[in-house]
Each structure stands twice: as structure tokens, then as C-alpha cells.
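First the structure, in the form of C-alpha cells, and then the observations on it.
Atoms considered below: every heavy atom in the structure, side chains included; atoms not considered: hydrogens, waters and symmetry mates. Treat the numbers as computed from the prediction; the structure is a model and nothing was measured.
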Amino acid sequence: RIVLYFFSMTGRPDKKLPDNWNIIPGAKGCTLQTCSIRDNYDNLMRLNALPIGVSTQSTLDLKEMTQRLSIPYDVLSDESLKLMTELDLPSFSISKKTYFKRLTLILEKSIIKKVFYPIYHPEKHINEVLEWLKIN
């Protein structure tokens with residue numbers, strides 16, 4: 001199984017966040033969400049589920065984030081918005097850049113088994129995912 005989670009953006013210590021970022025519903029908290037998935041990586045693996053993150057950030061930004069936060073799983077860039085467009089995933093735009101709204105898909109044998117959307121508490125969302133995986 002794959003836990004494919006989409007997030008808008010994780011901040012970088014050396015870059016300013018877009019204007020008004022923290023007041024945009026659903027934008028704030030992506031780093032907390034990514035870290036909670038990192039911290040539960042072994043629990044996910046025990047439940048036969050591999051996490052993969054996806055953002056519209058650049059590959060360089062994602063590489064910096066995965067190294068800085070010691071992320072043990074893949075985080076992919078959809079900077080071209082191809083996946084977002086193909087799957088018609090929810091998004092928002094600010095300062096001429098498009099971002100994913102937070103969303104998680106559970107995939108099994110190329111079939112979407114579960115959709116978590118909207119996600120209100122990014123740091124606690126991993127608990128919902130783990131609970132669903134245990135039951136299913």
C-alpha cells in the first residue's frame with residue numbers, strides 16, 4: 001500500500017514564506033505533517049504502507065527539506081502541475097504560484113482505497129491514517 005500525501009509547501013529557513021501564508025486555510029502545518037509521518041515511518045511500514053509526499057515545490061527545495069528534516073521516504077515534486085491536473089486535485093494559488101491543498105490518498109494495487117480530505121489538523125492526521133490502515 002502507498003500513503004500518498006499532498007502538501008502545499010514546507011518552509012525553508014533561508015527563504016521567506018509567501019505573503020499571508022499563515023492565514024491561508026490549510027497552508028500552515030505542512031512541516032509538522034511531514035515530521036509526524038517521518039516519526040511514524042516504522043509504524044506505517046509495519047502496516048505494509050509506504051509513505052510518499054508530493055508538493056509543487058521545486059526538487060531543490062524538497063531535497064533541502066528532506067535532508068534538513070531527515071525524511072526517510074521519497075518526496076516528489078509536481079512543479080509542472082501535471083499530476084495535479086491529471087487527477088484534478090484541489091489547489092490554491094498565491095503570488096502566481098499554485099499549491100496543493102492538503103490531501104492524502106491510500107493506494108492499493110493502483111486503486112485509490114481511501115481519500116482523506118480536507119485535513120484540518122496536519123500534525124494529528126497521521127493518527128487517522130494509522131487507524132484506517134489497522135482496520136483495513
Side-chain angles (χ1 to χ4, degrees):
R1 296 187 284 193
I2 295 175
V3 176
L4 191 62
Y5 76 99
F6 298 86
F7 62 97
S8 51
M9 181 183 80
T10 58
R12 285 183 62 152
D14 60 341
K15 289 186 178 180
K16 185 179 178 240
L17 291 172
D19 290 338
N20 301 314
W21 183 259
N22 289 329
I23 62 170
I24 298 168
K28 184 178 177 180
C30 294
T31 302
L32 291 173
Q33 180 181 14
T34 296
C35 288
S36 71
I37 293 169
R38 174 202 64 200
D39 295 347
N40 282 278
Y41 179 77
D42 290 340
N43 294 330
L44 289 164
M45 296 303 288
R46 276 192 286 278
L47 292 167
N48 194 31
L50 176 69
I52 299 174
V54 185
S55 172
T56 61
Q57 286 180 272
S58 72
T59 302
L60 289 176
D61 280 349
L62 293 174
K63 182 178 180 180
E64 183 280 331
M65 183 266 300
T66 58
Q67 290 176 343
R68 176 173 40 88
L69 300 176
S70 300
I71 304 301
Y73 53 85
D74 290 332
V75 179
L76 310 174
S77 173
D78 188 31
E79 191 173 16
S80 67
L81 309 180
K82 186 173 180 177
L83 184 60
M84 179 187 288
T85 303
E86 288 291 321
L87 295 179
D88 194 24
L89 296 172
S91 64
F92 67 93
S93 296
I94 186 170
S95 303
K96 300 181 182 178
K97 177 133 175 69
T98 302
Y99 301 91
F100 285 111
K101 289 187 178 180
R102 195 173 290 112
L103 164 84
T104 299
L105 304 176
I106 307 291
L107 306 166
E108 189 173 319
K109 297 181 182 177
S110 301
I111 297 170
I112 298 171
K113 295 289 190 169
K114 174 69 175 166
V115 176
F116 293 94
Y117 180 81
I119 297 169
Y120 294 111
H121 302 286
E123 71 283 1
K124 296 177 184 176
H125 174 57
I126 187 63
N127 298 327
E128 296 173 293
V129 172
L130 291 169
E131 187 61 33
W132 189 91
L133 290 168
K134 286 175 189 173
I135 294 170
N136 294 281

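- Counting only residues at least two apart or on different chains, the side-chain hydrogen bond (donor to acceptor under 3.5 Å, both in side chains) pairs with a member in residues 122-135 are Thr104-His125, His125-Glu128.
- Arg38 contributes no side-chain N or O that, together with a main-chain N or O of Ser70, makes up a donor-acceptor pair within less than 3.5 Å.
- Side-chain atoms of Gln57 come within 3.5 Å of backbone N or O of Thr10 as a donor-acceptor pair.
- At least one donor-acceptor pair under 3.5 Å links the side chain of Arg1 to the backbone N or O of Leu47.
- Note: the hydrophobic cluster containing Leu44 also contains Phe7 (ILVMFWY, side chain heavy atoms under 4.5 Å, direct or indirect links).
- Between Met9 and Trp21 the shortest side-chain heavy-atom distance falls below 4.5 Å.
- Under the 3.5 Å distance criterion, the side-chain polar atoms of Asp78 are matched with a main-chain donor or acceptor of Leu83.
- For the atom pair CG (Leu133) and CG (Asn136), the distance works out to 7.5 Å, reported to the nearest 0.5 Å.
- Checked against side-chain hydrogen bond (donor to acceptor under 3.5 Å, both in side chains), Asp14 has the following partners two or more places apart in sequence or in another chain: Arg12.
- Proximity of Thr34 to Tyr5: side-chain heavy atoms (C-beta onward) are separated by under 4.5 Å at one or more points.
- Side chain of Lys97 to main chain of Thr56: a donor-acceptor pair is present (N/O by atom type, distance under 3.5 Å, no hydrogens or angles).
- Ser55 contributes a side-chain N or O that, together with a main-chain N or O of Ser8, makes up a donor-acceptor pair within less than 3.5 Å.
- Side-chain heavy atoms closer than 4.5 Å link hydrophobic residues (I, L, V, M, F, W, Y) into clusters, and following such links, possibly through other members, connects Met84 to Leu76.
- Looking only at side-chain heavy atoms (C-beta outward), Tyr73 and Ile71 come within less than 4.5 Å of each other.
- Val75 places none of its side-chain heavy atoms less than 4.5 Å from the side chain of Val54.
- Taken from CD1 in Ile119 to SG in Cys30, the straight-line distance is 9.5 Å, to the nearest 0.5 Å.
- Val115 and Ile2 fall within a single hydrophobic cluster, where Ile, Leu, Val, Met, Phe, Trp and Tyr are joined by side-chain heavy atoms under 4.5 Å apart, directly or via other members.
- A continuous path of hydrophobic side-chain contacts links Ile52 to Tyr117 [ILVMFWY only; heavy atoms under 4.5 Å].
- Judged by distance alone, the side chain of Ser91 and the main-chain N or O of Phe100 form no donor-acceptor pair under 3.5 Å.
- The cluster map of Ile, Leu, Val, Met, Phe, Trp and Tyr, joined by side-chain heavy atoms under 4.5 Å apart, puts Leu87 and Leu107 in the same cluster.
- The OG1 atom of Thr98 sits 11.0 Å away from atom CD1 of Ile94, with the distance rounded to the nearest 0.5 Å.
- What you find for Gly29 and Pro122 is that their closest heavy atoms are O-CB, 3.5 Å.
- Around the NZ atom of Lys63, the shell of radius 6.0 Å holds no more than 12 heavy atoms that belong to other residues, nucleotides or ligands.
- Leu4 CG to Leu105 CG: the interatomic distance, rounded to the nearest 0.5 Å, is 5.5 Å.
- Distance alone, capped at 3.5 Å, places no donor-acceptor pair between the Ser93 side chain and the Lys96 backbone.
- Other residues, nucleotides and ligands contribute only 12 or fewer heavy atoms inside 6.0 Å of the NZ atom of Lys28.
- Atom CD1 of Ile126 is separated from atom OH of Tyr41 by 12.5 Å, given to the nearest 0.5 angstrom.
- Listed here is the closest heavy atom pair of Val3 and Ala49: CG2-CB, 3.8 Å.
- Here Glu86 does not pair with Lys82 in a salt bridge; the nearest charged N to carboxylate O distance is not below 4.0 Å.
- Ile37 CD1 to Leu32 CG: the interatomic distance, rounded to the nearest 0.5 Å, is 11.5 Å.
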| Derivation and outcome, side chain to side chain contact (heavy atoms under 4.5 Å, CB included), residues Lys101 and Leu89 | CA-CA 8 Å; Lys101 289 187 178 180; Leu89 296 172; over 6 Å; no

